[in-house]
Amino acid sequence: MSEHSCLVVEDSPMMRQLLVFALARIKKLKVTEAEDGVDGLRKLAGGKFDLVITDINMPIMDGLKLVKRIRSDETHKDVPIIIITTEGSQEDRQRAMALGATAYITKPIQAPQVIAKVKELLVLD
Amino acid sequence: MTDDDASQSGRPASDVPLDLLKERDAFVRSFLKKGVEYTEQLLRENGELREELELLRADNASLRTQVASDDAIRELISTVDELRRERDQLVQRSKKLEGAEKEQQGRQAKIEQEINDLANLYVAGFQLHASLSPRRVVRHVCDMLGQLVGAEAFVVYLLDPDTKRAVPIAHEGLEETPEPIAEGTGPVGEAILTMLPRISEDDLHGGSLEDPVAVVPLGAEGRGVGAVSIVRVLGQKKEWANVDHELFQLIGHQAAVAMIATNLYEPEKGPQESLRGLAEKLRQ
């Protein structure tokens, strides 16, 4: 039975699948996928999550707006949020952190980096 | 000589001259005095000797203790030497174990990297062929370049069979719009014509549209149908990783095939209709 649940919000199916692949290596972690910010909010409304991983650049609702919405949501306002950015987009990263993101991961994504960050935030061995 | 002595000698004491008596008394007194003095000296010397004897006894006891203490020290030194040898052996074993642990960690990191690379290749291949939309296939190629390879600026060209010019169908991170390139012209045109990739190993950040850091021809059935041109990579990327070359091969051999498949697919007919006649073709 899963002890933790994680929501992955990423518009690129390839990146989403890569993240899911990486997270599958963490025991007792249930992963839910969302295609963009709006889909992410829908999924958040339908359940309780311990962690959110979101890309910044997405259509319909980007990662920055999603971070802002999550922080104003009573159920998930304290949930840790990891944002995915590129090395060059320092401004986006700073804005996301200012809006309440907990940590960030830079692209290209490396599975060990993702696993380590998730374990750190969920306090797993 | 006393009167008794005198009487014993047969002569009365009164017969002894007075001087002699006096002399005799003086001698006796002197003799006795000397005897007393001698005795006192003997007693004194005896006392001194006793004191010396006590001192010698104390010294002896002290020396005995010291000898015992020296033995204990020798034993301790021997124990310390043995412990030192044991410590050295333990340090050596610890160093060996440290080395083995580092080797193990290195091996584990290598395996992790390989798993990561394989996952990237699997996902890239899976996604490339998971869609029947040409737009999505091109998007996947762009994702592979941007997200997996770490290309910051790149162009995807397709060869127009009529004009024999490579036309840009997608690009990212460029300040200027890329122009079509004639087959056989420049690095991109040459790669399409020869089907040979051109990948620079030097400066991955100083490329341009005319002189990109990597050009990978897109081919099918051994013929060039397009190319991917990487102008610049992300700042943190200093060199190509092994998996990048694998991804280049994957893109080069499969992107065009996926594009051809999606181009032949007619969404209005749907997947079942699109497979009509395939069984007959397989029987031929």
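Protein chains get the first letters and strands the later ones, always in sequence-line order, with residue 1 at the start of each.
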Criterion side-chain contact (heavy atoms from CB on, under 4.5 Å) on B:I192 and B:V225, from CA distance to verdict: CA-CA 7 Å; B:I192 296 172; B:V225 297; over 6 Å; no
Which heavy atom in A:R71 sits nearest to a heavy atom in A:K77, and how many Å separate them? NH1-O, 2.7 Å
Within the 3.5 Å criterion, strictly below it, is a donor on A:H76 or A:D73 matched to an acceptor on the partner's side chain? yes
Using non-hydrogen atoms only, which part of B:R136 is less than 4.5 Å away from chain A: side chain, backbone, both, or neither? neither
Most chain A-contacting option - heavy-atom pairs closer than 4.5 Å, from B:L128, B:D117, B:L148: B:L148
Which distance, rounded to the nearest 0.5 Å, do you find between the NZ of A:K65 and the CD1 of A:I60? 11.0 Å
Flag if over 12 foreign heavy atoms under 6.0 Å of OH, B:Y265: yes
Between [X] and chain B, which part of the residue has a heavy atom less than 4.5 Å away: side chain, backbone, both or neither?
{"X": "A:L18", "result": "both"}
{"X": "A:D11", "result": "both"}
{"X": "A:M15", "result": "side chain"}

